[in-house]
4 protein chains.
Amino acid sequence: MSKDARSDARNKVRDAAIALFAQKGVKATTIKDIARAAGVSEGALYRHWASKEELAAALFAAEYTALSHSLREAAGSGPAPQRLRRVIAWAFGLVEAAPGRARFLLLSQHDALPLVPDGLETPVDVVCAIVGDGIAEGSVVDADREALAHTVIGAIVLNIQSHVYGRQTAPLGTLVDTVADALLRGLSTGKET
Amino acid sequence: MSKDARSDARNKVRDAAIALFAQKGVKATTIKDIARAAGVSEGALYRHWASKEELAAALFAAEYTALSHSLREAAGSGPAPQRLRRVIAWAFGLVEAAPGRARFLLLSQHDALPLVPDGLETPVDVVCAIVGDGIAEGSVVDADREALAHTVIGAIVLNIQSHVYGRQTAPLGTLVDTVADALLRGLSTGKET
Amino acid sequence: MSKDARSDARNKVRDAAIALFAQKGVKATTIKDIARAAGVSEGALYRHWASKEELAAALFAAEYTALSHSLREAAGSGPAPQRLRRVIAWAFGLVEAAPGRARFLLLSQHDALPLVPDGLETPVDVVCAIVGDGIAEGSVVDADREALAHTVIGAIVLNIQSHVYGRQTAPLGTLVDTVADALLRGLSTGKET
Amino acid sequence: MSKDARSDARNKVRDAAIALFAQKGVKATTIKDIARAAGVSEGALYRHWASKEELAAALFAAEYTALSHSLREAAGSGPAPQRLRRVIAWAFGLVEAAPGRARFLLLSQHDALPLVPDGLETPVDVVCAIVGDGIAEGSVVDADREALAHTVIGAIVLNIQSHVYGRQTAPLGTLVDTVADALLRGLSTGKET
DNA sequence: TATGAATGAGCCTTCATTCAT
DNA sequence: CATGAATGAAGGCTCATTCAT
């Protein structure tokens, strides 16, 4: 079906673009690069996205919100500290399962973050919400919700970054507890709901 | 004096370039942009740096190592937890004192970090060293030094980022204790040396 | 047909470039010059050649080897002195038939000769071979083959040059016998095989 | 004396420029190259010549006419064939004594020849005159003077070129007789005056 | 509809020339 | 006078985008 064919092209382009953007950055990746890697023509690309920049923005937004959903799902339910631990574990797991996607999100954030539309739920929102829940339920210390959430996210992101850039050689999986313990010891009140 | 004039040109270019790189990134900033903003000719730039890439790398390396030195100085001496708290306070202070520099370091890291020569001491090294000292002296929990250091750095960086991008509206100064308390509660053993 | 269009572009560029290189030399001819003269865009040029230098080298190599083949054909067979006379006649004829090509070969030789790949047969090789044959068959004096060949080629080239530069106003056609007689009287043994 | 100092600068520039022009061609040699090699400032150059092109033209014209004088002197007197033989010997000798100058004359001729003012005596004129004398005195065959002269000059130039470009490995000195014999056998009537 | 050749604005860089010191 | 930093036009080349086929 033509619909499927089109979807195929979209997917091939999406995967190729993410991989290339992750390797070289958006600016350094050319339309020709993407088209060749995806096995489509350069013109075909413009049938689905209006420009290279829009492609990057759309891809980033999609990955970014997909990440939010996955994170929310991975967090599950229960007391906030437990949910945060699961978030950390899941994030570290993602890098090992899909390093290209992780690198893409990392590398493109400064280019693309400003282009993400306002209403969408972001991974930051997800963690903020969990922290907010924790404060409400008394399991997380009562402090600036955003500040605590960014503390958690920062810890995750930088550990991932150091792994991706090769400074951290220990497998991320082995660090989940180290990071989560340190973080949760800092954020938790110790009281369970 | 010609010496001063030369320094002036260098400094004007440096400041203009840092501001522009911070606004738009290295790739999106043109030589013409920099020359115009600095009030010098395009050619003049090549008397001081061999290429745009080298300019970016030199600027980044200089700021990056200056940051390391400042961080080390700001940390002072004493038990690691106290030194880390001072690092956090200093970093948050820097953003309010020199937002352009902070944005430059944040935005250029993915472009320029790979170009920083190997031997130099980085801000990451500084924090790692402090954490390492803390572990040695028993004031910091005994865990992967890099992971803990990146947890601290990530917390700092992401809080700065959220401030720079306007998500966090509270002045960073008011968040020092929130972030430091959470982090240090997580990292400290409670034992002082 | 697209195939023809492509060939057209290549040919238009080739002809324009040869003419311009012949007028001003490779270095002094700009890509813009060529594109304008050929009626194509500047970028189009890079679809066929990787750089201006490669364009010049490819064009020169093609003309240079085409010249070799023509020379060899024009020489025909028979005793070396007769073949050399035909070479001279043919070379002088070429200048009148295609002065642009001749000028191009003359003007570009210092720029482009070093870029011609080693294995190719050059016009110099052709004349050397004829002289070598002549020595072997006893129709040419027994002396350094290269030196004799360059004597012949030099006589041809300089007469062409003086014609192209307007010093020699007599039509080259009328000089074939003058030059050939002088040269062959000098090279021949007088013995026919 | 300042006059001497100026002359020194002129000479240093001249020698450096000739060497560089001979190595890389006029276009590829920069003012900075010349100034550095000559040990003078870039601005100093403009005190003696109005532009790089004028420098090249002046240098070429000077070498070109110096060559004429040397050639005329070297030719000496006597029957034309003997004088031509001395011309050949002298030219081949020059290449071994001053290869830079020879290369410069060879390489720059297409760029600079059109700029040589009309009235000056050129090496071509010198040979033409000798050939003309030869015809008048009956020692050279009665044919187009220019054509015969260019035959001689071409033989010289191409043999030098093949030597300079490394195709001819035999020392030029050993080829004087080969080339001169062939040429003079072709041009002479055999009658001495 | 898909293709990929063509376009041309714009980029980085060079370098002849000028001129303040 | 000599110097060499500054200028800025111009060059070669790239690449996002368009459009004829």
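Here is the naming used below: chain letters follow the sequence lines, and residue numbers restart at 1 for every chain. The model shown is predicted, which means the values in this text are computed figures rather than measured ones. Note that these values count all heavy atoms, side chains included, but never hydrogens, waters or copies made by symmetry.
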Short side-chain N/O contact to F:dC1 OP1/OP2 from D:Arg47, under 4.0 Å: no
Selection from E:dA6, E:dT14, F:dT7 that lies nearest to any side-chain heavy atom of C:Ala44: E:dA6
Assigned partner base of F:dT21, Watson-Crick or wobble definition, under 3.5 Å: E:dA2
Separation of atom CG in C:Asp33 from atom P in F:dG11, rounded to whole Å: 7 Å
Nucleotide E:dA2, atom C1' - distance to CG of A:Asp8 in whole Å: 15 Å
Parallel, tilted or perpendicular: rings of A:Tyr165 and B:His110 (30°, 60°): perpendicular
Donor-acceptor pair between A:Thr30 and A:Asp33 side chains, under 3.5 angstrom: yes
Phosphate contact (F:dA16 OP1 or OP2) by A:Lys52 side-chain N/O below 4.0 Å: yes
Nearest-angstrom distance from the residue atom CD of D:Glu53 to C1' of E:dA16: 11 Å
D:Leu59 CG to D:Ile18 CD1 distance, which is reported to the nearest 0.5 Å: 4.5 Å
Nucleotide forming a Watson-Crick or wobble pair with E:dC15, both distances under 3.5 Å: F:dG8
Sugar-phosphate only, base, or nothing, as touched by A:Ile31 at under 4.0 Å among non-hydrogen atoms: base
Polar side-chain contact B:Glu42-E:dC12 base: donor and acceptor under 3.5 Å: no
Among E:dG4, F:dA6, F:dA16, the one nearest A:Thr30 by side-chain distance: F:dA16
From CA spacing to verdict: side-chain contact (heavy atoms from CB on, under 4.5 Å), B:Tyr64, B:Gln109: CA-CA 9 Å; B:Tyr64 203 55; B:Gln109 67 182 299; over 6 Å; no
Closest-nucleotide ordering on DNA chain F, the 5'-leading residue of D:Val40 and C:Thr29: D:Val40
Interatomic distance, D:Leu45 CG vs E:dC15 C1' [rounded to whole Å]: 13 Å
D:Ser51, nearest nucleotide to its side chain (from E:dT17, F:dT7, E:dT13): E:dT17
